[in-house]
Amino acid sequence: MKKIINILLIPITLITLLSCNSVKHVNALKNEPSSGIKGVWVTNVASTALDSRVKIKETVAVCKKSGITDIYVVTWNRGKTLYQSKIMKDVFNVPIMERFGDRDPLQEMIEEGHKAGLRVHAWFEFGFASSFGENGGAILNKFPDWKAIDNKGNLVSKNGFEWMNAMNPEVQNFVKSLVLEVVKNYDVDGIQGDDRLPAMPSLGGYDKYTVALYKKEHQGNLPPNDYKDPEWLTWRADKLTVFLGKLYKEVKAIKPKMIVSMAPSIHPWAKEEYLQDWPTWLKKGYCDYVIPQVYRKTIESYTSTLQSQMEYLPENQKNKFFSGVLLQVNGVNPSEDFLKAMIEANRKMGIQGESFFFYEGLKAFQDYFSEEYINK
């Protein structure tokens, strides 16, 4: 185990030593979120957008035509990287998701996106999840002590995703090392976490490490068996906030102009279900902006949810809030009227941008985006 952890620590050390020489291209749009963003998530699931350089060029062209300013490209999914990772090669002998062979979709997207004047962010979609429907997959097969454990002693599984223990320093170092590897080696404009980074289902926390830490900080008392106990929720959420603060500091030490954004679930559900206390992240300055996933099926629900989110923001933080808008799920799109109404609701509330999930949905509304959206 010590040998593996040393491998994971090496990239972080090198990054720190080389940080003063690692700053590369600075995009003209970089690090100005207060002026508004118009983003889209590009993934490898239910999409061929990353399957070739030609496809990536087509993706960037559609984004440019649609008024998109920021592309959030998946970089970490199903326990595999979508870039050529030395860390993953050293630890798992799999430098990139097998589907991509000797290509590097992240590098190709950066090159093509920058040619078009767009910001490109490395989106660590899988976060602290280890697998989907694979009982932990290769990660937890190799490191069983990294498992998130529920109050019944089982591996934490929620909505089909199996989870690493986000409280474990070894797990934190592993995920952080991947993020910093990208920051050092790629000319990305930003890195992004989502509803799985930093996160863990509130079901978790009953592993030996976390229980021992809780006892140490609570005069020998065990954590409550009720995983929704408010103090127990906050204690674990605070640990993830500390992790994000450290990650933010290390990213900025390497590249001060790097954008660190987060796309969590809505509050307070995010904290209750996934230990994500994003209003505190903003308050402490641990991310440059947030894009909560305001995914709703009616304009009434969308507007009321958006209003509730804004209530958690002090006035000086509102320019750091953008809305996550659902454009497609399981092949289903909103009506054009509903899409227009959501954008109008954002502007009426003073929200100067949004990001769309996901790229395939953007293609479905090309006429709207190219004709109406650009100036809104």
Side-chain angles (χ1 to χ4, degrees), residues 8 11 41-47 49-50 71-85 87-89 91-92 94-100 104-106 109 121-143 146-148 155-168 170-183 186 188 190-204 240 243-244 247 251 260-265 270 273-276 278 287 291 293 295 324 329 355 357-359:
L8 297 180
W41 284 288
V42 177
T43 182
N44 62 309
V45 177
S47 176
L50 301 176
I71 294 175
Y72 304 96
V73 60
V74 63
T75 306
W76 169 241
N77 200 0
R78 292 185 178 249
K80 306 283 178 64
T81 54
L82 281 82
Y83 67 92
Q84 296 288 343
S85 170
I87 293 170
M88 292 299 290
K89 185 177 189 302
V91 180
F92 297 101
V94 183
I96 192 169
M97 187 175 286
E98 294 86 347
R99 166 178 171 181
F100 298 101
D104 193 324
L106 176 59
M109 182 65 80
H121 307 248
W123 167 36
F124 288 83
E125 181 182 9
F126 232 54
F128 285 115
S130 61
S131 61
F132 181 81
E134 298 179 81
N135 195 36
I139 295 175
L140 295 185
N141 183 56
K142 185 160 188 172
F143 301 111
W146 288 8
K147 292 179 180 178
L155 170 64
V156 170
S157 178
K158 188 166 183 173
N159 299 325
F161 294 90
E162 294 94 20
W163 286 76
M164 295 181 276
N165 176 22
M167 305 291 145
N168 187 322
E170 293 178 5
V171 172
Q172 291 185 355
N173 181 65
F174 169 63
V175 173
K176 181 171 66 173
S177 71
L178 295 177
V179 175
L180 297 183
E181 182 178 47
V182 167
V183 171
Y186 291 85
V188 288
I191 60 100
Q192 185 178 85
D194 57 10
D195 52 351
R196 287 186 284 271
L197 179 66
M200 184 173 72
S202 55
L203 295 164
L240 294 187
F243 165 79
L244 180 58
L247 177 63
V251 169
V260 178
S261 65
M262 296 290 143
S265 300
E273 297 293 330
Y274 287 95
L275 307 177
Q276 295 192 297
W278 60 257
C287 57
I291 315 174
Q293 300 172 27
Y295 298 165
V329 61
S355 187
F357 187 85
F358 62 112
Y359 170 70

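These numbers come from the heavy atoms of this one structure, side chains and all, not from hydrogens, waters or symmetry mates. Keep in mind that what you see is a predicted model, and the values were worked out from it rather than measured.
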| said: Taking salt bridge (Lys or Arg N to Asp or Glu O under 4.0 Å) as the definition, give me every residue that meets it alongside Lys158, ordered by chain and number, with sequence neighbours left out. | reply: Glu273
| request: Compare every heavy atom of Ala270 with every heavy atom of Trp278, then report the nearest pair and how far apart it is. | output: CD1-CB, 4.4 Å
| task | For the residue pair Asn168 and Trp146, confirm or rule out a side-chain donor-acceptor distance under 3.5 Å. | result | no
| Hey, what's the ring geometry for Trp41 with Tyr72, parallel, tilted or perpendicular (30° and 60° as the breaks)? | tilted
| request: Scan side-chain atoms only and decide if Ser130 and Glu162 contain a donor-acceptor pair under the 3.5 Å cut-off. | output: no
| Shortest non-hydrogen contact from Ala166 toward Met200 | N-SD, 3.4 Å
| Can you name the closest pair of heavy atoms from Ser131 and Gly136 and give their distance? | OG-N, 2.9 Å
| message | Give me the atom names and distance for the closest heavy-atom approach of Met262 to Leu244. | response | CE-CD1, 3.5 Å
| query | Under 4.5 Å between any side-chain heavy atoms of Phe92 and Ile139, yes or no? | reply | yes
| How many angstroms lie between atom CG of Asp104 and atom OG1 of Thr81, to the nearest 0.5 angstrom? | 8.5 Å
| said: To check you understand the geometry: which heavy-atom pair defines the closest contact between Leu155 and Leu140, and what is its length? | reply: CD1-CD1, 3.6 Å
| Side-chain donor/acceptor of Gln192 to backbone N/O of Phe124, under 3.5 Å | no
| message | Restricting to ring pair (Phe, Tyr, Trp, His ring centres under 6.0 Å), what partner residues turn up for Phe243, sequence neighbours left out? | response | Phe128
| said: Quick check: closest heavy atoms across Leu178 and Ser85, and the distance to 0.1 Å? | reply: CD2-OG, 4.0 Å
| request: List in chain and number order the residues that pass ring pair (Phe, Tyr, Trp, His ring centres under 6.0 Å) with Tyr83, two or more places apart in sequence or in another chain; answer none if no residue qualifies. | output: Tyr186
| query | Mind checking whether Tyr274 and Trp163 have parallel, tilted or perpendicular rings, split at 30° and 60°? | reply | tilted
